[in-house]
A.B. asks: 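Below is a structure I'd like to ask you about.
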Amino acid sequence: SQTIHQWPATLVQPVGSPLSLECTVEGTSNPNLYWYRQAAGRGLQLLFYSVGIGQISSEVPQNLSASRPQDRQFILSSKKLLLSDSGFYLCAWTPGQGWEKLFFGSGTQLSVL
Amino acid sequence: KQEVTQIPAALSVPEGENLVLNCSFTDSAIYNLQWFRQDPGKGLTSLLLIQSSQREQTSGRLNASLDKSSGRSTLYIAASQPGDSATYLCAVLYSGAGSYQLTFGKGTKLSVIP
């Protein structure tokens, strides 16, 4: 069966520090991968999605970047965090051949102080 | 641009009641609609997915309906239990800007009181 792992679960970082959140999927190949951010009262916002290794699409301009170094690994990064980067970050995947159910990781609560 | 609205934002009911959560969307040209459950501080769990050609889907005490023409979906929960307390989100998949787009509502926070 397929599983998705996301870590860390919580993170407290000072403003200006770098960020690296990692997500891996097991039990499938060539998944579509997504990074979402959930801010209080604002719903889920799609940040990046990837349909293959090295293929990253950005949905909104921001202080963040994403990379997909391997088929089932998706990384969210920042060189210098801002206060506004605080939020709940969720990784998700769907099968590469079509749009069926969206499967989410357990999320990372990021607090930038 | 697709917009998804969930009303009410919060709902409190006594245990055992049947309840309905609402989701509306502005563009009826959708491929599917999903209902998710989110527990505090956790990721989202997919509950039901309704394809655009379907009218409803059922899983246990949950029943989701879809009326594409009116841009509405409902999630019916029968015989609610305290364990059903969570935030419920709906999301619609549609074609926009040359690719598939998935838009979420902001959710309804459900509290089932023992």
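A note on names: the letters A, B, ... follow the listed sequences, proteins ahead of strands, and every chain is numbered from 1.
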A.B. asks: Tell me, for B/Y31 versus chain A, whether the close heavy atoms (under 4.5 Å) come from the side chain, the backbone, both or neither.
C.D. replies: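 When you check distances to chain A, no heavy atom of B/Y31 falls under 4.5 Å.
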A.B. asks: Considering only heavy atoms, which portion of A/Q6 lies under 4.5 Å from any heavy atom of chain B: side chain, backbone, both, or neither?
C.D. replies: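 When you check distances to chain B, no heavy atom of A/Q6 falls under 4.5 Å.
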A.B. asks: Keeping B/N32 on the side-chain end and B/I50 on the backbone end, is there a donor-acceptor pair under 3.5 Å?
C.D. replies: no
A.B. asks: Is A/L90 close to chain B through its backbone or its side chain, or both, or neither, when contacts mean heavy atoms under 4.5 Å?
C.D. replies: side chain
A.B. asks: B/Q38 versus chain A, heavy atoms under 4.5 Å apart: side chain, backbone, both or neither?
C.D. replies: side chain
A.B. asks: Are B/R61 and B/D84 within salt-bridge range, i.e. N to O under 4.0 Å?
C.D. replies: yes
A.B. asks: Which one of A/G43, A/G105, A/S106 has the most heavy-atom pairs closer than 4.5 Å to chain B?
C.D. replies: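 Top option by heavy-atom pairs under 4.5 Å: A/S106.
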A.B. asks: State, with a plain yes or no, whether a side-chain heavy atom of B/L33 is found less than 4.5 Å away from one of B/S73.
C.D. replies: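 With C-beta onward as the side chain, the pair touches.
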A.B. asks: Okay, side chain of A/D71, backbone of A/N30: is any donor-acceptor separation there less than 3.5 Å?
C.D. replies: yes
A.B. asks: For A/G52 and A/R68, which heavy atoms make the closest approach, and how far apart are they?
C.D. replies: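 It is N-NH1, 3.2 Å.
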